[in-house]
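As a basis for the values below, the full set of heavy atoms in this structure was taken, side chains included, without hydrogen atoms, waters or symmetry mates.
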Amino acid sequence: MLEQIVGILFPVFTLVLIGFAVGRWLKPDFRPINRINMDAFTPALVFSSLVAMPLDVEQLPLLYASLIAVLIPGILMIPVCRFSKLNYKAWAPPQMFRNSGNLAIPLFTYAFGDSALAPAVLLFVVSACVHSSLGLAMLSNGNPFKQMIKMPIFIATCAALLVNISGVGVWKPLYDATALLGQAAVPVMLLSLGAQMCHLRLEGLKIGLVCTCQSLATGAVAFSLIYFFVPLPTLELQMMVLFTMLPPAVMNYLYAERFVVEPSNVASMVLFGNFFSIFALPLLLMFSLSLA
C-alpha cells in the first residue's frame with residue numbers, strides 16, 4: 001500500500017514543488033494565470049465532465065454528502081468560535097470551503113482513476129457554488145446571488161446540466177475542444193498552489209496549525225455523518241474521506257481580503273493548511289484505500 005500511496009501523491013506533489021520553484025526563482029504574477037484558469041480552463045473541465053456524466057437519482061447521495069461536508073463544519077465552528085472568542089467570519093469559511101479544485105481534482109484522478117473525475121468535478125461545483133452564495137453572504141451584506149450567476153463555472157454547470165438532462169448530444173468537435181481546454185486546468189491548479197507556498201511566514205505558524213487541527217476534527221465529524229447516514233458507493237465514500245478533510249481553499253483568502261475579515265490570519269490558515277496536507281494526506285489516503 002505504501003508504494004501505491006507514493007505513486008498517487010508523487011505526481012501531485014511534484015507539480016506543487018515545480019510551482020514553488022517557479023514562484024521562488026522566476027517570480028511570475030500568477031493572478032492573470034489564475035483568472036484564465038478560473039474563467040476558461042476550469043469551466044471547460046466542468047462542462048466536459050458533467051455533460052458526459054450520467055445524471056439520475058443515483059447522484060443524489062453524493063450531492064447530499066457534499067452539502068454535509070460543507071455545512072456541518074460551519075455549524076460546528078459556532079460553539080468553537082464562541083468558546084475560544086474567535087471571529088466566526090474569519091475562522092468558519094476555511095473549515096467549510098476546502099481545496100476542492102487545486103488539490104482535490106488531481107488527487108482524486110490519480111488515486112481512483114478517470115472514473116473519479118466526474119464525481120470530483122461535481123463535488124467541486126457544489127463547493128464553489130455554495131462558497132459564492134452562502135460564503136459571500138457570511139462576509140457581506142449584499143446580494144451574492146448576482147455574483148454567482150455571473151461566474152463562468154456556474155454558467156458552464158448550468159449549460160452542461162441542461163444539455164445532459166435534455167438528452168441533446170454535443171457536437172463531437174465542440175466536446176473535444178472543451179475537453180482539450182479543460183485538460184490545462186489541473187496542472188495550472190497545482191503549479192499555482194506551489195507558487196503560493198512562497199508566501200509562508202513563520203509568524204502565522206500557530207494560526208495555521210490550529211486551523212489545520214480544527215479542519216481535521218470538523219471534517220472527521222462530517223465524514224462520520226456521511227459514513228453512517230448517506231448510502232454511497234465505495235468509490236465515492238473513499239473520495240469523501242479526502243474531500244471532508246482537505247485544507248482550506250485559496251478563495252477564502254481572496255474573499256477575506258476583499259471584505260477585510262482578518263486577511264493576514266486567513267492567509268496563514270490557507271497557506272499552512274495546504275503545507276501541512278503534505279503530512280496529513282498520506283494518512284488520509286491510507287485510510288481511504290482501506291475502505292475498498
Side-chain angles (χ1 to χ4, degrees), residues 7-23 26 28-55 59 62 66 99-129 131-132 148-196 235-236 239 242-243 246 249-251:
I8 292 169
L9 295 179
F10 182 81
V12 174
F13 287 140
T14 297
L15 264 68
V16 172
L17 183 61
I18 293 174
F20 176 82
V22 169
L26 298 183
D29 184 359
F30 265 87
R31 286 177 295 181
I33 299 174
N34 290 334
R35 181 68 183 269
I36 294 172
N37 196 22
M38 291 302 296
D39 290 351
F41 300 157
T42 302
L45 176 65
V46 168
F47 180 85
S48 60
S49 299
L50 291 184
V51 78
M53 182 181 184
L55 291 178
Q59 304 302 326
L62 183 61
S66 64
N99 203 340
S100 56
N102 297 50
L103 189 57
I105 292 177
L107 179 62
F108 288 150
T109 52
Y110 278 116
F112 308 114
D114 292 338
S115 60
L117 179 58
V121 168
L122 182 60
L123 292 173
F124 169 66
V125 167
V126 170
S127 179
C129 289
H131 198 177
S132 60
M148 184 180 71
I149 61 177
K150 295 178 181 178
M151 293 174 58
I153 291 175
F154 181 79
I155 296 172
T157 300
C158 292
L161 293 177
L162 181 63
V163 171
N164 195 317
I165 294 173
S166 65
V168 177
V170 179
W171 186 40
K172 190 175 185 304
L174 175 61
Y175 174 80
D176 291 341
T178 56
L180 182 62
L181 187 64
Q183 289 175 12
V186 170
V188 172
M189 287 176 181
L190 293 175
L191 292 174
S192 175
L193 179 61
Q196 290 156 11
L235 171 63
E236 294 177 359
M239 294 173 65
L242 303 171
F243 183 76
L246 287 167
V250 178
M251 195 62 67

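Of all non-hydrogen atoms in Pro11 and Tyr110, the two that sit nearest each other are CB-CZ, 3.6 Å. Minimum heavy-atom separation, Phe154 to Cys129: CD1-SG, 3.9 Å. The minimum heavy-atom distance between Leu15 and Leu191, with the atom names listed, is O-CD2, 3.5 Å.
With hydrogens and angles ignored, the 3.5 Å screen pairs a side-chain donor or acceptor of Thr157 with a backbone N or O of Ile153. Side chain of Asn99 to main chain of Ala249: no donor-acceptor pair is present (N/O by atom type, distance under 3.5 Å, no hydrogens or angles). With hydrogens and angles ignored, the 3.5 Å screen pairs a side-chain donor or acceptor of Ser166 with a backbone N or O of Val163.
The only member of Leu246, Val250, Val16 that meets side chain to side chain contact (heavy atoms under 4.5 Å, CB included) when paired with Leu103 is Leu246. Here the rule is side chain to side chain contact (heavy atoms under 4.5 Å, CB included) with Ser48, and of Thr178, Asp176, Leu181 only Thr178 fits it.
Once rounded to the nearest 0.5 Å, the distance linking OG1 of Thr109 with CD1 of Ile105 reads 8.0 Å. Between the CZ atom in Phe13 and the CZ atom in Phe20 there is a gap of 14.5 Å [rounded to 0.5 Å]. To the nearest 0.5 Å, atom CG of residue Leu122 and atom CG of residue Leu161 are 8.5 Å apart. For the atom pair Cys158 SG and Leu50 CG, the distance stands at 10.5 Å (nearest 0.5 Å).
Contact of the Asn34 side chain with the Gln196 side chain is registered, since non-hydrogen atoms from C-beta on lie closer than 4.5 Å. Between Leu45 and Ser49 there is a side-chain heavy-atom pair separated by less than 4.5 Å.
Judged as a side chain to side chain contact (heavy atoms under 4.5 Å, CB included), and not counting sequence neighbours, the contacts of Pro28 are Val22, Leu26, Phe30. When the side chain to side chain contact (heavy atoms under 4.5 Å, CB included) test is applied to Phe112, the partners found at least two apart in sequence or on another chain are Phe108, Ala116, Leu235, Gln238, Met239, Leu242, Ser288, Leu289.
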_Show, in sequence, the C-alpha distance, side-chain angles and deciding distance for Ser100 and Leu123, and conclude whether the side chain to side chain contact (heavy atoms under 4.5 Å, CB included) test is met._
CA-CA 7 Å; Ser100 56; Leu123 292 173; 5.7 Å; no
Result block: side-chain N/O donor-acceptor pairs under 3.5 angstrom for residues 35-44, not counting sequence neighbours:
unit_1 : atom_1 : unit_2 : atom_2 : d
Arg35  : NE     : Asp39  : OD2    : 2.5
Thr42  : OG1    : Asn37  : O      : 2.9

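In Asp114, the CG atom is not crowded: 12 or fewer heavy atoms of neighbouring residues, nucleotides or ligands sit closer than 6.0 Å.
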